[in-house]
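Just so it is clear, the values below take in all heavy atoms, side chains as well, and ignore hydrogens, waters and symmetry mates. Position 1 is the first residue of the sequence; numbering continues from there. The model shown is predicted, which means the values in this text are computed figures rather than measured ones.
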Amino acid sequence: MEEKISKETTFKNATVVWKECLSLIKENVPFITYNTWFLPIKPVELLDKTLKVQVPNSYFIEWIDEHFNTLINKTIDQVLGGEGKLIYLISKEKEDELDLFDVDFPIKKENKEKTEDAVEETRAFDNYLNSRYTFDNFIKGEGNQLARAAAIAVSESPGETSFNPLFIYGGVGLGKTHLIQAIGNRIISNYKNKSVIYLSSDIFTVEFVEAIQSNTVNEFSNFYKSMDVLIIDDIQFLIGKEKTQDLFFHIFNTLHQLGKQIVLSSDKPPKDLRGLNERLISRFQWGLTADIQPPDFETRIAILKNKSQSFGISLSNEFLEYIAYNIKTNIRELEGCLVKLLANASLNSSDMNFELVKKTVKEIATVRNVNISIDYINKVVCEFFNVDENKVREKNRKKEVVLARQIAMYLSKKLTKSSLKTIGLHFGGRDHSTVIHAFNSVDRMISEDKSIKEIVDTIRNKIELGV
Ligand code: ADP
Ligand code: MG
């Protein structure tokens, strides 16, 4: 018998799923790109793992398809699983165009009390905070106790505690981004006049490069130096980027001297950030370093309960326990599992059965390792080194291009099942001996040079985890 699913439900589900997609996309593209191309997309409905979204015009579709095809596919795979599909509809009503679908993503902060005061005007900038990350929905557990307490202390009195910088580290999907954004969100709600900005060190680098190209490095640097609270996520991505590190060092010093709050996150503690300038590492240790450990079983259950409630699905304890038992080390995966269940069950609690829960948990576990393409590897490597993807395929012998090419070949061999011949073909038709040579050189460099190892590990993390 066919189940009647209301329009309201399919819209609600589409909204949840698209929100999840956006949060993944947001971490992978510069904010200008995100604002321009992704924010205007509106979810319409989710039916049978097909997500329909509305875009302003057909040019949009072409552009997204041309530039973000891999990212979109990967995101949809991650959120909806292999059978997930995205369909674009073109907006009919012109006036709809700027009407963002959800108040949860107000990227541009409106200056509420519009005064004549010019100083006030300049404060209306993009703070890049996602209002969904708060302390209220951050579940406390043994693994995050110190980090959470320090984060709360800092947001109550930014710049006034000895936790400056506050440096939070831990594995992927354990809540670093959530926690440091919660700091930002609490501060902007408690202190109307404090300027807060959040961004990942990746985006910081991209913006810096743009500033160099447009001759606005001074403005760029002064902008960050004028903040009351600077929150930088995933600082490990500054590894290997000397110029960006230098600039960041100056910004850090200025802010610290002025007693402004700095909050940083990383996948490892400062002392293990090999390849990062020593003077930065030492400064990162000036304040408080706190780690986040994987959640224990009870915390995982609490997180699942909290998230399923906010998604509007109710799951029996038995199901919650099964999920918590099988997904252990990554909260993003716990959450992903719920989103998938929601999509799979389309969307009636009565559809929820043990088979479905089991299947979904299994899907989550296998998604981790499949579908990494050579082109995607090349893209991430090139982004890291800031070299043009095509140069890597051409016969370019510039030092950084050669290194990028060799590392991309090395990782393609490590992370895909492709033959040496196939890998060679993807890199401008080079033969298999070139690939072996590249593999061996990188292998040797890794064992001889810790900073190369660090760089390769960092890129590998980015590729495997899509972060
Ligand atoms: P990280 O930055 O460490 O990779 P995130 O902060 O992105 O991890 O967390 C992954 C997901 O898990 C996010 O959606 C976040 O809201 C959620 N999450 C992480 N820790 C908690 C927690 N303690 N309570 C509730 N949700 C959490
Ligand atoms: Mg993060």
Side-chain angles (χ1 to χ4, degrees), residues 20 23-24 26-28 78-79 129-130 132-155 163 165-186 198-202 231-237 239 263-273 284 287-308 310 320 323-340 361 364-365 367-369 457-458 460-467:
E20 180 71 16
S23 71
L24 291 171
K26 193 172 180 181
E27 287 172 16
N28 280 292
Q78 214 164 330
V79 176
L129 284 167
N130 184 335
R132 115 173 200 227
Y133 296 122
T134 63
F135 286 115
D136 294 339
N137 60 14
F138 187 82
I139 309 289
K140 186 174 153 188
E142 222 177 273
N144 61 37
Q145 220 164 4
L146 173 66
R148 178 177 168 274
I152 293 177
V154 158
S155 44
F163 308 158
L166 173 60
F167 190 102
I168 301 218
Y169 73 91
V172 158
L174 295 183
K176 302 180 296 294
T177 297
H178 188 137
L179 199 53
I180 63 176
Q181 290 214 35
I183 296 176
N185 282 320
R186 168 89 41 110
Y198 160 90
L199 73 171
S200 90
S201 74
D202 253 7
I231 307 174
I232 307 256
D233 209 350
D234 292 318
I235 200 81
Q236 75 273 12
F237 296 142
I239 286 174
V263 178
L264 306 167
S265 88
S266 163
D267 62 347
K268 30 183 126 42
K271 65 176 174 36
D272 292 346
L273 288 169
F284 291 171
L288 180 80
T289 301
D291 67 337
I292 303 191
Q293 292 294 329
D296 53 28
F297 184 72
E298 287 73 22
T299 313
R300 297 202 294 277
I301 294 278
I303 289 171
L304 283 169
K305 277 199 172 137
N306 177 283
K307 303 262 172 205
S308 50
S310 72
L320 293 176
I323 300 171
Y325 188 78
N326 284 286
I327 302 180
K328 295 196 169 86
T329 53
N330 185 329
I331 298 171
R332 187 175 297 146
E333 285 182 2
L334 283 179
E335 200 174 58
C337 185
L338 292 177
V339 173
K340 263 205 179 121
V361 167
I364 296 273
V367 156
R368 279 179 209 146
N369 299 320
D457 282 351
T458 305
R460 184 175 176 154
N461 255 340
K462 278 180 106 109
I463 295 167
E464 288 193 312
L465 303 160
V467 293

State whether the side chain of N330 and the backbone N or O of R332 hold a donor-acceptor pair below 3.5 Å, judged by distance alone. yes
Euclidean distance, I303 CD1 relative to S308 OG, rounded to 0.5 Å: 11.5 Å
Please tabulate, for the side chains in residues 165-179, all donor-acceptor contacts under 3.5 angstrom to protein atoms that are two or more places apart in sequence or on a different chain.
unit_1	atom_1	unit_2	atom_2	d
K176	NZ	G170	O	3.0
K176	NZ	G171	O	2.7
T177	OG1	D233	OD2	2.6
H178	NE2	T134	O	2.9
H178	NE2	N137	OD1	2.9

With no hydrogens and no angle check, is any side-chain donor or acceptor of D202 less than 3.5 Å from a backbone partner on N28? no
Could you give the distance from CZ (F284) to CG (L273), rounded to the nearest 0.5 Å? 7.5 Å
Could you check whether any side-chain N or O of R186 sits under 3.5 Å from a backbone N or O of S155, counting only pairs where one atom can act as donor and the other as acceptor? no
The single option from I301, I323, N326, T329 that satisfies side chain to side chain contact (heavy atoms under 4.5 Å, CB included) with L334 is I323
Measuring from atom CG of L304 to atom CG of L320, what distance do you get when rounded to the nearest 0.5 angstrom? 5.5 Å
Close side-chain approach of I232 and S200, heavy atoms under 4.5 Å: no
Show the atom names and distances, to 0.1 Å, of all donor-acceptor pairs under 3.5 Å that link a side chain in residues 141-153 to residues at least two apart or in another chain.
unit_1	atom_1	unit_2	atom_2	d
N144	OD1	G141	N	2.9
N144	ND2	I139	O	3.0

Kindly indicate whether a cation-pi arrangement holds for K328 with Y325, taking the cut-offs as under 6.0 Å to the six-membered ring centre and within 45° of the axis. yes
Side chains of Y133 and I180 in contact at under 4.5 Å (non-hydrogen atoms): no
Take K307 and E20 through the test salt bridge (Lys or Arg N to Asp or Glu O under 4.0 Å) and record every step on the way to the result. CA-CA 13 Å; K307 303 262 172 205; E20 180 71 16; over 6 Å; no
Contact between P269 and D291 at the side-chain level, heavy atoms closer than 4.5 Å - yes or no? no
To the nearest 0.5 angstrom, please state how far the CG atom of L338 sits from the NZ atom of K340. 11.5 Å
Quick one: does S266's side chain get under 4.5 Å of D234's, heavy atoms only? no
To the nearest 0.5 Å, what is the distance between SG (C337) and CD1 (I331)? 14.0 Å
If you count heavy atoms of other groups shown closer than 6.0 angstrom to NZ of K305, is the number above 12? no
Do D296 side-chain atoms and T299 backbone N/O form a donor-acceptor pair below 3.5 Å? yes
Return the OG to CD distance between S201 and Q236, rounded to the nearest 0.5 Å. 6.5 Å
Could you tell me whether a side-chain N or O of Q181 sits under 3.5 Å from a main-chain N or O of L129, the two making a donor and an acceptor? no
